[in-house]
Amino acid sequence: MTKLKRIAALFLGLSLMTGIMTGCGEKKGASEKGNLELSVHMHFYGYCVFDDEWPVFKKAAELTGVTLRGTAVETVSDSGQAFSTMLADKTLPDIIHYDGTSLKKIGIQGALIPLDDLIEKHAPNIKKYFEECPDARIAATASDGHIYYIPGTLADIDQKSLPSQGFFIRQDWLDKLGLSTPKTVDEYYNVLKAFKEKDPNGNGKNDEVPYFKRTGSIADLYQLFGAHEGYYINENGEYTDGKTEPELKTAVENLARWYKEGLIDKEFYTRGEQAREQLLSSDLGGSTHDWFSSTASYNSKYTGFGLNFVPMAPPADINGVVKEDFGRSILHGLGWGISKDNKHPEETIKYFDFWLSEEGTKLASVGVEGVHYNMKDGQIQFTDEVLNGDGGVPSYLRNQGALIEIGSIHTIDAELAGMNETARSGFNEYKDNGWVSPSVPPLSFTESEQEVIDANETNITTFYNEQIQKWILGAEDVNATWDSYLETLKSLGNDELTRVNKESYKRSISE
Ligand code: CA
């Protein structure tokens, strides 16, 4: 925990205590005009917790007269648990932030109020947002037809198929071994093999980790075999289940071999978020597939041994196709709603509306003018502190409260402005070549469809993840168990699940 956050936690503790000691029912500052204080539950991704000290939200308070106070504590590391615990409280926080699926569920159950009328009467920016970005409206609409939360975006709403991640490789290692950039999946395999066997870090040991990931999954590599991890839109525009396609079997068969041969990090399942720091700082990591901006920031950080980690085009897959399946969906999947115990729904929806105004969009995307950036000739110029921040510009800004996954639009220009030359060239190469496949759009379900999802989805996901792990780590052979895998999926209701997804998708494209 950073010092700033510790102080914030202490502060929160004190203000709660003051409340108890004075025994006041109404929160301080809950007067009619301005200065309204609202409580917010925000705890997601297992580590992102609302921080009362975030300068971006303090600026928003200045502009709106609404100050948010976080109720979640960082001592709980499981966001799902924090969410359940919060729901069990007698009085709910004024604002509840979390993933859209959960918010719609608790909305229908009565923990959140429907926002339809409030938006209609008090939120012109939200109305405009829903008109210009139908994906957001569809995602926000629950199976009972009501809107319970405001979702946010990862990019400008007119941008479809923007890159998010790409392949990165050690140019300094390629140079040292006299290899050129791999252009096909076979060449990529050969390069990873050379990284493993030819000691590019020059310490006389076979300690290189040719391919590594920080997410605990190597699903990024399935695309090299024409396979897909879950549902995707195929080349005929059809909603398709990648889990049951023979291409997945081919991918897993090959990747299990790569893993066995030491080409994939032996610890990729458990290494976690710090994988890049660990393996790049120690001159051990060779290649990954990750976000451009943050991944390109390590060259200037670990300079002692000539680290040159650069983006490269996706290697052509086994069918000769060059493409990138991991694009940026318009929505990030999270957002916020108004709880049944909120005494100020009108002020709250106006506060939500602020975040979708032009001013709110800028604040959410690039932070506070004069603090995080200055305008020069109509361009955003980040301050040196932001540009040199740990983990790249977006990470730094997140610690300031910008780019947090609330119901706001995050412009891509901001991310581009914060990219170093290496990141920008990779991002533009992926964008300009049109390599990025369209993402699966958000879907809305009827009540009966939602029942099918609730009954089956979790079991199917759990089974699928466990099975993939057994195959990749070599505990089971994919050729021997593929048929029984398909049977189990069927018995868990996968056909039903696919059917309701397909039907909802058909409706959404005919709307
Ligand atoms: Ca070595």
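All ligand and atom numbering here is 1-based and tracks the order in the structure. Just so it is clear, the structure is predicted and the values come from calculations on it, not from any experiment.
Relative to the ring axis of F168, R276 does not place its NZ or CZ within 45° and under 6.0 Å from the centre. Cation-pi geometry between K266 and F212 is not met: the NZ or CZ atom fails to fall both under 6.0 Å from the ring centre and inside 45° of the normal.
Annotation: angle subtended at the Ca ion (ligand 1) by N201 OD1 and K205 O is 170°, to 10°.
Coordination check, N203 versus the Ca ion (ligand 1): passed, since an N/O/S atom of the residue sits under 3.0 Å. Between the Ca ion (ligand 1) and G204 there is no N/O/S contact shorter than 3.0 Å.
For the atom pair Y188 OH and L263 CG, the distance stands at 10.0 Å (nearest 0.5 Å).
The residues R271 and D265 are annotated as salt-bridged, a charged nitrogen and a carboxylate oxygen being separated by less than 4.0 angstrom.
Environment of CD in E385: sparse, with no more than 12 heavy atoms of neighbouring residues, nucleotides or ligands closer than 6.0 Å.
The Ca ion (ligand 1) sits nearest to atom OD1 when only the N, O or S atoms of D199 are considered. Minimum-distance N/O/S atom of D207 relative to the Ca ion (ligand 1): OD1. E208 contributes atom OE2 as its closest N/O/S atom to the Ca ion (ligand 1).
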